[in-house]
Amino acid sequence: MKFLQPLLVLLFIVVSIDTTAQVPQDAKMKTFVDGLMSKMTLDEKIGQLNLPGAGDITTGQAGSSDIGKKIGEGKVGGLFNIKSVAKIRDVQKVAVEQSRLKIPLIFGMDVIHGYQTVFPIPLALSCSWDMQKIEQSARIAAVEASADGICWTFSPMVDIARDPRWGRIAEGNGEDPYLGYQIAKAMVKGYQGDDLKKNNTIMACVKHFALYGAAEAGRDYNTTDMSRVRMYNEYFPPYKGAVDGGVGSVMSSFNEVDGIPATANKFLMTDVLRKQWGFKGFVVTDYTAINEMIDHGMGDLQTVSALALNAGIDMDMVGEGFLTTLKKSLQEKKVTQKQIDDACRRILEAKYKLGLFDDPYRYCDEKRASTEIYTDANRRAAREIAADCFVLLKNSPLPGGTGMAVLPLKKSGTIALIGPLADAKENMPGTWSVAADFSKAISVLQGLNETVGNKAKLLYAKGSFLDDDSVFEQRAGMFGKSFKRDGRTKEQLLQEALNIASQSDVIIAALGESAEMTGESSSRSSIEIPQTQKELLAALLKTGKPVVLVLFTGRPLAIKWEDASVPAILNVWFGGSEAGYAISDVLFGDVNPSGKLTTTWPQNVGQVPLYYNHKNTGRPLPEGKWFQKFRSNYLDVSNDALYPFGYGLSYTNFTYGDLKLSSTSLKGNQTLTASVTVTNSGSLDGKEVVQLYVRDVVGSMTRPVKELKGFQKISLKAGETKTVTFNITTNDLKFYNSNLKYDWEAGDFVIMVGGNSRDVKSQKVNWVK
Ligand code: BGC
């Protein structure tokens, strides 16, 4: 025992150092910020709350530009949309040499799914269900962005979206709160790492708080209105995930919540965020969100700026409402000195945490910029991750009874690659790829050409316009992503396609949406593939050759006809800068697809919003039925999804054994284990996402028909069987009840495990308090 004593003492010291470690750090920061703030004038404090866009800055002229002058006068807290170490260094120099208190600026950017090495759009990334890979994508983005001078990203975007008409569904992680929570956490960890002061970690900003994805009719910036229980149970969890993960900042959303724009919403910004969730960072508005409250009908600029500060907003993006009105509002007692001080303190603290006061040029290392961006290793990671995000929606057997499916393809014979997305490198990175170099992005044509080499003959034709309406096509080809019409007519394009199709053994049709048909301000009222492309597809199918649809999209599409007519469909979203290679990897079977949908795909737009975790209603339609009078259904379409949440095929098959539970009658804090064997019963190695769902059968309020409560992505060799086990505790049964109390209720629960939300093995348990 004696020899243990020194060890115990040591342990005690380690534990005491560890638990108190945070305190001296925080105390140090407080002393520093207190000291700085004691020297600041009111104007300088308000200046810290101002976040303009970079505007007219060109390298070498930062000091003399309009924005440079403001920085010198201490009227700017940070800047965004500025790219390159040289420019950022120049501007930072103005802040730390010309402004009175030499306070460094924070530099932000929309680094949403990669920097110059671009990863798949977030909706696609979520379909990997692979938290390590998602974190890795954010880590690489942070390394590249910080190597180029950026220390703050406006990501992750975690808005739950159930309406595919909304273009920004592409930027989020789909419809599920549990999965959204995990992804938000993984992204924050990837960006922020374990130490924000390191020069290759950056501060994350979770957005858009809150409920932006519930815009009515899927129209961007539109009104939202929902019950508190829905907010807490279904829409808040991903934001909470980011806060639990230590996110440094939060962005307010454009929409209103309960009749008050989010940017003036005290309930959101103070009660929920700070009081209930304990958020300690700062809140920035979305782009001109304060000024937009004038149009919302909340008052003039002075009024809405005061409302925002009162609600708990710290930083004003672009609109300069804070800069131009807060002083007056203070004199008129519409805001308090403490509110201004608190906001200023939080921004200074963020700069402190990033290490900018130690070294304002921490992120301005030209050497890093030349060696750490768009590296071979990063590009390899992007290619690998992209292939893991693609979702195989359909893969029928080839005619002839061999049992072979259309995919994977062989690298032999003649392959016709046809479609407006086939040779469209600018469209591969997807929406929000502000730091991408489009000229280097890998198109499908290039990817196939390089990977097939001379093993097969590859023929290419555009086949059709993106859309016959050239005005629509222009809108869908913004930001340098134009489809460049060259004078050929629709008929000529089709004829060329049919010519090469007739010479081929197989046709790859690269069709769907362009990158800018989703993203901000890109809502659609039709969610189908544009008609002209459908006509092309129909003509290709008519040739009788096997057709593979390589589908580009940033949203769930309504592709009922395509599903019924095309033998194989691989959904590739927008796969990032290496998309063309990744698509080739999957088409030829070098990678077995393993992505699973994180949104329900409806049969038609009229079913929207359609989501798996819905309520049962008092008149549910019996399973497998289409229509019954006086039941909750449609006359003209069944209630089923075309592809359910969690769905995605593989080139191999996975067979699920029976669901085994450790007990069917549980009490209190016991743990229930649910296990299932999964067998790879096909002939190729593959990966499967095993999903756990729970239904709370009876509650004090109505409960969803199922809710995701766990998932595991496993690798199985051909013929291999693994047992997958989930541990379920009463924490997994908790929900916010109608008094907004978070607790579980005793009763019956259905436990379900399966490879998607529709095809599950289930068993009932009873759980008492
Ligand atoms: C978008 C945000 C984005 C911001 C800055 C806004 O229009 O809604 O998501 O971070 O612009 O670019």
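As the structure lists them, so they are numbered: ligands from 1, and atoms in each ligand from 1. Below, each value reflects all heavy atoms present in this structure, side chains not excepted, and no hydrogens, waters or symmetry copies.
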Could I get the full list of side chain to side chain donor-acceptor pair (under 3.5 Å) partners for [X], not counting sequence neighbours?
X	answer
Glu175	Thr600
Asp437	Ser439
Lys353	none

Q. Do any N or O atoms from the side chain of Ser253 and from the backbone of Ala210 form a donor-acceptor pair under 3.5 angstrom?
A. yes
Q.
Give the residues near ligand 1 by chain and number, with the criterion being a heavy-atom distance under 4.0 Å.
A. Phe80, Asp110, Phe154, Arg168, Lys207, His208, Met251, Phe254, Asp286, Tyr287, Met317, Trp432, Glu520
Q. In this structure, which one of Thr598, Ile169, Leu597 forms a side chain to side chain contact (heavy atoms under 4.5 Å, CB included) with Pro556?
A. Ile169
Q. Do Trp152 and Tyr363 have their ring centres less than 6.0 Å from each other?
A. no
